[in-house]
Participant: 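Can you read through this structure? Questions will come right after.
Residue numbers run from 1 in the order of the sequence given. Given the structure is predicted, the values throughout are model-derived calculations rather than measurements. Indexing begins at 1, ligand by ligand and atom by atom, following the structure's order.
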Amino acid sequence: MSSSSPTSLDIKNQKEGFVGAIEVKKPILDHENVLQKHAGFFDLNKDGVIYPWETFQAMREIGSGLLLSTAAAVFINVSLSHSTRPVCFPSFLFPIEVKNIKFGKHGSDSGVYDSEGRFVASKFEEIFIKHAHTYPNALTHDELKEMIKTNREPNDFKGRIGGFVEWEVLYKLAKDKNGLLQKETIRGVYDGTLFEALKKEHTKIKNLS
Ligand code: HEM
Ligand SMILES: [Ca+2]
């Protein structure tokens, strides 16, 4: 006999999909290298290396305009190529090596990625405890700006720019119709599932027009 309302065990055991009316997202596991997944979305041919044209193309696929996609390809690949490559000599094709993406971490961030690129759930919750003043599960643009400001570390120009750009681009691409950045959206950016969802949504819109 099946009961109509799902128990927490049903939800825990379910991988992804729906239990009753509750949508279940695959939980992020402690040992998962989610930062590699975040970056890996942009490795279109899955060969472990992200070239600027892949960053550009992947940005277009998630609904980013020509200008932002071009700027992102230049900014991201130029700033991360050197630190993620094992050899000292720079490559002027600016490839990013996905397996070394943890070396691209910078300061003035939220701390949700640990030094290996794993998801730190307590730091993720802290974002909302500290900054979600209006709604418990979402950030307004002002609250997001407050968070970016709080994360700033002294004398960290590069990290501050990186943090600012990451969060503002996320807001631009993934805010909801009320101008809110939902908690699930933010969780999805950390493990890269948001990029897949945006791609699906954008493909649907493109096919309709
Ligand atoms: C639309 C594209 C992208 C958006 C919206 C985005 C957004 C974000 C956000 C919000 C964070 C979290 C920052 C924090 O915890 O404070 C982050 C972290 C990071 N992203 Fe992205 N990202 C994008 C594309 C990329 C690409 C293409 C790469 C590299 C291939 C990349 C590499 C990183 C790295 C290395 C971090 C870790 C920063 C740190 O914790 O210090 N991102 N990104
Ligand atoms: Ca590639």
Side-chain angles (χ1 to χ4, degrees), residues 33-65 67-85 91 93-128 130-131 139 144-153 156 158-175 181-183 185-199 202:
N33 195 311
V34 280
L35 181 53
Q36 281 185 11
K37 289 188 172 175
H38 174 95
F41 172 81
F42 297 83
D43 178 10
L44 293 181
N45 62 355
K46 305 296 170 206
D47 66 349
V49 186
I50 307 164
Y51 286 99
W53 50 91
E54 291 181 283
T55 309
F56 173 83
Q57 179 69 32
M59 289 291 295
R60 298 288 288 145
E61 285 177 1
I62 59 177
S64 159
L67 203 66
L68 179 60
S69 304
T70 308
V74 173
F75 177 80
I76 295 173
N77 282 74
V78 169
S79 61
L80 293 180
S81 179
H82 189 59
S83 46
T84 62
R85 274 164 47 84
S91 160
L93 293 178
F94 297 106
I96 296 171
E97 294 213 6
V98 177
K99 68 174 187 306
N100 295 328
I101 192 68
K102 64 178 180 186
F103 300 121
K105 272 183 59 61
H106 51 71
S108 303
D109 61 354
S110 65
V112 174
Y113 287 128
D114 72 7
S115 56
E116 288 299 311
R118 292 170 300 216
F119 183 74
V120 182
S122 59
K123 282 285 183 185
F124 177 67
E125 294 302 328
E126 207 179 286
I127 294 178
F128 302 91
K130 282 191 179 163
H131 305 288
L139 297 179
L144 182 72
K145 286 196 287 190
E146 175 194 281
M147 182 196 77
I148 297 169
K149 207 169 160 192
T150 311
N151 289 347
R152 284 189 198 161
E153 289 164 24
D156 179 30
K158 211 178 150 205
R160 286 180 179 201
I161 298 277
F164 177 79
V165 172
E166 283 158 1
W167 286 107
E168 287 295 344
V169 171
L170 176 66
Y171 184 80
K172 182 176 165 46
L173 295 177
K175 64 179 181 296
L181 209 44
Q182 293 292 336
K183 187 173 182 177
T185 301
I186 299 178
R187 197 191 82 111
V189 81
Y190 281 110
D191 69 1
T193 52
L194 174 73
F195 299 136
E196 298 291 348
L198 287 176
K199 182 178 165 177
H202 185 65

Participant: Return yes when V112 approaches ligand 1 closer than 4.0 angstrom through a heavy atom, no otherwise.
Facilitator: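 The answer is no: ligand 1 sits nowhere under 4.0 Å from a heavy atom of V112.
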Participant: Is it true that the NZ or CZ of K183 lies under 6.0 Å from the centre of F128's six-membered ring and within 45 degrees of the ring axis?
Facilitator: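 Positive - K183 is close enough to the ring of F128 and near enough to its axis.
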Participant: Would you mind checking if K123 and E126 are paired as a salt bridge, meaning a charged N to carboxylate O distance below 4.0 Å?
Facilitator: yes
Participant: Geometry only, no angles: is K105 polar-contacting ligand 1 at N/O separations under 3.5 Å?
Facilitator: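 N/O-N/O distance under 3.5 Å: yes.
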Participant: Quick one: look up the protein heavy atom nearest atom 28 (C) of ligand 1 and list residue, atom name and how far away it is.
Facilitator: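 The closest heavy atom on the protein side is I76 CG2, 3.9 Å.
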Participant: As a test of reading the structure, name the N/O/S atom of H38 that is nearest atom 21 (Fe) of ligand 1.
Facilitator: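 Atom name of the closest N, O or S in H38: NE2.
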Participant: Does ligand 1 have any atom that is closer than 4.0 Å to a heavy atom of N151?
Facilitator: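 In this structure, N151 fails to qualify as a contact of ligand 1 - no heavy atom is under 4.0 Å.
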Participant: For a quick test of reading the model, state the closest non-hydrogen atom pair linking S79 to K158 and the distance between them.
Facilitator: O-NZ, 4.3 Å
Participant: Should the pair F124 and F119 be assigned to parallel (<30°), tilted (30 to 60°) or perpendicular (>60°) ring geometry?
Facilitator: tilted
Participant: Look only at interatomic distance and state if D109 has a nitrogen or oxygen under 3.5 Å from any nitrogen or oxygen of ligand 1.
Facilitator: yes
Participant: Starting from atom 1 (C) of ligand 1, find the nearest protein heavy-atom neighbour and note its residue, name and distance.
Facilitator: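 Checked against all protein heavy atoms, atom 1 (C) of ligand 1 sits closest to M59 SD, 3.5 Å.
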Participant: With a cut-off of 3.0 Å, does any N, O or S atom of I50 fall short of it relative to the Ca ion (ligand 2)?
Facilitator: no
Participant: Which residue owns the protein heavy atom closest to atom 29 (C) of ligand 1, what's the atom, and how far is it?
Facilitator: L80 CD1, 3.5 Å
Participant: For ligand 1, is any non-hydrogen atom under 4.0 Å from I62's backbone (N, CA, C, O), its side chain (CB onward), both, or neither?
Facilitator: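 Answer for I62: side chain.
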Participant: Working to the nearest 0.5 angstrom, can you tell me the gap between I50 CD1 and F94 CZ?
Facilitator: 15.0 Å
Participant: Determine whether a donor-acceptor pair (N or O, by modelled atom type, separation under 3.5 Å) exists between the side chain of H131 and the backbone of L144.
Facilitator: no
Participant: Looking at F103, is its backbone amide N or carbonyl O close enough to the side chain of N100 to form a donor-acceptor pair, meaning the two atoms are under 3.5 Å apart?
Facilitator: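 Judged by distance alone, no pair lies under 3.5 Å.
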Participant: With backbone taken as N, CA, C and O and side chain as the heavy atoms from C-beta onward, which portion of L173 lies under 4.0 Å from ligand 1: side chain, backbone, both, or neither?
Facilitator: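 Side chain only; the backbone of L173 stays clear of ligand 1.
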Participant: Hey, is there an N, O or S on N45 sitting under 3.0 Å from the Ca ion (ligand 2)?
Facilitator: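 Yes - counting backbone and side chain alike, N45 has an N, O or S atom under 3.0 Å.
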Participant: Work out whether the distance between some heavy atom of F41 and some atom of ligand 1 is less than 4.0 Å.
Facilitator: no
